[in-house]
Amino acid sequence: MAELLYENERLVFTAEMREEYTILVPQMAPYHFDFVVDAFTSEGYQAELLKTTDYDLIHEGMKYAHNDICVPAMLVIGQFIDAIKKRELKDDKVALIITQTGGGCRASNYIALLRKALIKAGFPHVPVISLNAGGLEKNPGFRLTPRLLHKVHDAMLFGDLVMTVINQTRPYEKQVGATDQVHEQVKRWLEQYFQHRRFITWRRHKRMSKRIVKAFAGVSVDRTLIKPKVGIVGEIYVKYSPLGNNHLEATLEKEGCEVITPPLYDFFLYSFDSRAHDIARYGGPRFEKITLRLLVRYVEWRRRKVRTLLKRYGFAPGISYKALKQLVDGIIDVGTHIGEGWLLTAEMIDLIHHGAPNIVCTQPFGCLPNHIAGKGMFKKLKKHFPESNIVAIDFDTSASKINQLNRINLMVSNAFRNLEKK
Ligand code: SF4
């Protein structure tokens with residue numbers, strides 16, 4: 001039985017706990033996190049992805065966190081506490097893992113809020129692991145080894161790849177459910193893929209990417225169907241998580257649209273690049289700046305190969321990070337990088353350039369940075385791109401689904417009208 005060990009009042013996830021505890025992972029991005037959990041389990045962790053997606057979980061979060069805090073924090077805390085409550089009689093050997101960015105945004109403090117909430121809810125014995133690449137907190141039972149980091153990087157690349165091909169296939173499939181069937185198959189392939197106990201080579205990754213793209217390209221589709229393309233942008237959690245955005249992707253598909261969600265990896269590249277930008281501008285370790293820039297280049301080199309593959313099989317690939325950054329020239333400064341910052345504006349411009357002027361900008365309550373780079377930029381974007389059809393959807397503690405749906409429907413009917421005019 002693992003002993004509880006505290007360090008500066010923080011409960012540490014010890015090496016013994018690694019053997020006995022199940023790590024609960026919040027579902028932040030459904031196309032990516034299945035693979036992240038595969039990567040964890042392949043490295044010997046018992047990890048479980050939380051799949052609850054009922055927006056009412058926010059009330060669980062509100063009970064234990066201050067209701068002034070931003071919505072993603074409340075949802076994640078609510079989902080964790082709900083999961084622990086449901087399992088408690090069965091097994092209380094659980095730990096929680098949460099990302100900690102270390103940036104200027106409140107996301108860096110979610111971990112402290114979560115620990116406070118656990119004490120309030122009567123679970124002070126549940127350790128919380130910080131998932132960060134900057135060594136913000138040490139836990140002997142959980143180590144981001146180079147091999148695990150590399151697997152997580154692969155999981156992100158595969159997540160983006162799968163999301164792209166699914167979004168471009170499912171709305172046009174001739175047999176309903178065919179794309180989802182291939183998705184399930186791909187999940188099984190990747191579960192095995194990550195079991196590899198050695199460093200996964202680029203050649204292996206390339207082979208698997210090709211297998212995935214080929215499988216989706218094999219789904220029978222009707223490309224004569226004309227559907228409006230609708231992009232989803234916004235705060236990182238509500239943009240991807242069905243729990244955070246009330247199943248926005250499914251809603252838009254049901255309304256007859258093709259959804260485009262920008263790659264999740266862009267956000268990580270943006271975070272690395274923002275740190276390098278700050279060091280260059282305000283000073284800091286030169287070595288860190290060079291390492292971050294090299295990292296961005298390395299990931300981009302790999303993504304370029306994936307984009308070529310997508311093109312070869314008839315899918316529309318995204319653009320490079322460098323090209324994305326250039327889009328905001330003269331519109332918003334690239335020093336604006338709290339929250340999603342300039343990236344959010346760049347994603348909207350990219351969507352407009354690529355035939356998706358219809359955009360849903362997801363805005364959680366309490367998220368000042370993304371209100372500035374999102375809603376705050378609408379007027380400027382409308383001036384530069386009069387064809388844009390952007391709607392901001394607020395996700396707050398008392399979000400009324402009807403209200404959200406009304407606004408989405410209005411945007412969708414404008415999208416259809418504009419398509420007909422064309
Ligand atoms: S980006 Fe917005 S929602 Fe996310 S932590 Fe920051 S303030 Fe909160």
Side-chain angles (χ1 to χ4, degrees), residues 26-29 32-33 55 57-62 64-80 96-117 128 130-134 136-137 232-246 248 261-275 277-278 328 332-348 359-378 392-399 404:
Q27 175 58 288
M28 292 176 143
H32 304 74
F33 271 56
Y55 198 81
L57 285 175
I58 200 160
H59 299 298
E60 203 63 55
M62 281 164 73
Y64 306 107
H66 195 285
N67 58 7
D68 242 7
I69 203 68
C70 37
V71 159
M74 282 205 219
L75 282 166
V76 172
I77 292 172
Q79 189 179 39
F80 272 140
L96 313 178
I97 192 162
I98 188 163
T99 48
Q100 205 180 2
T101 56
C105 207
R106 287 192 271 180
S108 299
N109 300 317
Y110 283 6
I111 197 156
L113 294 171
L114 177 58
R115 289 197 177 112
K116 216 169 149 195
V128 184
S130 157
L131 182 64
N132 71 83
L136 291 176
E137 280 186 2
I232 301 179
V233 298
E235 191 274 337
I236 192 83
Y237 180 77
V238 290
K239 173 160 82 169
Y240 293 104
S241 166
L243 167 61
N245 63 30
N246 256 334
L248 182 58
T261 315
L264 178 55
Y265 223 136
D266 281 338
F267 179 76
F268 291 101
L269 295 183
Y270 152 85
S271 306
F272 303 151
D273 187 36
S274 299
R275 173 73 187 134
H277 172 277
D278 281 352
V328 293
I332 186 170
D333 193 90
V334 290
T336 316
H337 49 233
I338 300 289
E340 273 56 42
W342 64 261
L343 179 70
L344 205 170
T345 314
E347 285 175 345
M348 291 196 272
I359 298 169
V360 179
C361 183
T362 55
Q363 308 260 190
F365 167 80
C367 179
L368 182 64
N370 291 322
H371 273 76
I372 293 168
K375 220 173 186 172
M377 296 306 293
F378 287 3
I393 303 290
D394 292 320
F395 292 89
D396 57 41
T397 44
S398 55
Q404 289 171 349

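Note that ligands are numbered from 1 as they come in the structure, with each ligand's atoms numbered from 1 the same way.
Here is the list of ligand 1 atoms found below 4.0 Å of a heavy atom in Cys367: 1 (S), 2 (Fe), 3 (S), 7 (S). Set against the non-hydrogen atoms of Pro72, the atoms of ligand 1 under 4.0 Å away are 3 (S).
Only the side chain of Asn370 comes within 4.0 Å of ligand 1, judged by heavy-atom distances.
Counting only distance, with no hydrogens or angles, the side chain of Thr99 and the backbone of Leu131 share no donor-acceptor pair below 3.5 Å. With hydrogens and angles ignored, the 3.5 Å screen pairs a side-chain donor or acceptor of Tyr240 with a backbone N or O of Leu264.
The existence of a salt bridge linking Arg115 and Glu137 is confirmed by a sub-4.0 Å separation between a basic side-chain nitrogen and an acidic carboxylate oxygen.
Between the side chains of Gln363 and Asp394, not a single donor N or O lies within less than 3.5 Å of an accepting N or O. Counted by atom type alone, Asp273 and His337 present zero donor-acceptor pairs between their side chains at under 3.5 Å.
For atom 4 (Fe) of ligand 1, the closest heavy atom belonging to the protein is Glu235 OE2, 2.9 Å. Distance from atom 6 (Fe) of ligand 1 to its nearest protein heavy atom, with residue and atom name: Cys105 SG, 2.0 Å.
Contact annotation: Tyr110 has at least one heavy atom less than 4.0 Å from an atom of ligand 1.
No side-chain heavy atom of Val233 sits less than 4.5 Å from a side-chain heavy atom of Val360.
Taking 2.8 Å as the criterion, Cys70 counts as a coordinating residue of atom 8 (Fe) of ligand 1, since one of its N, O or S atoms falls below it.
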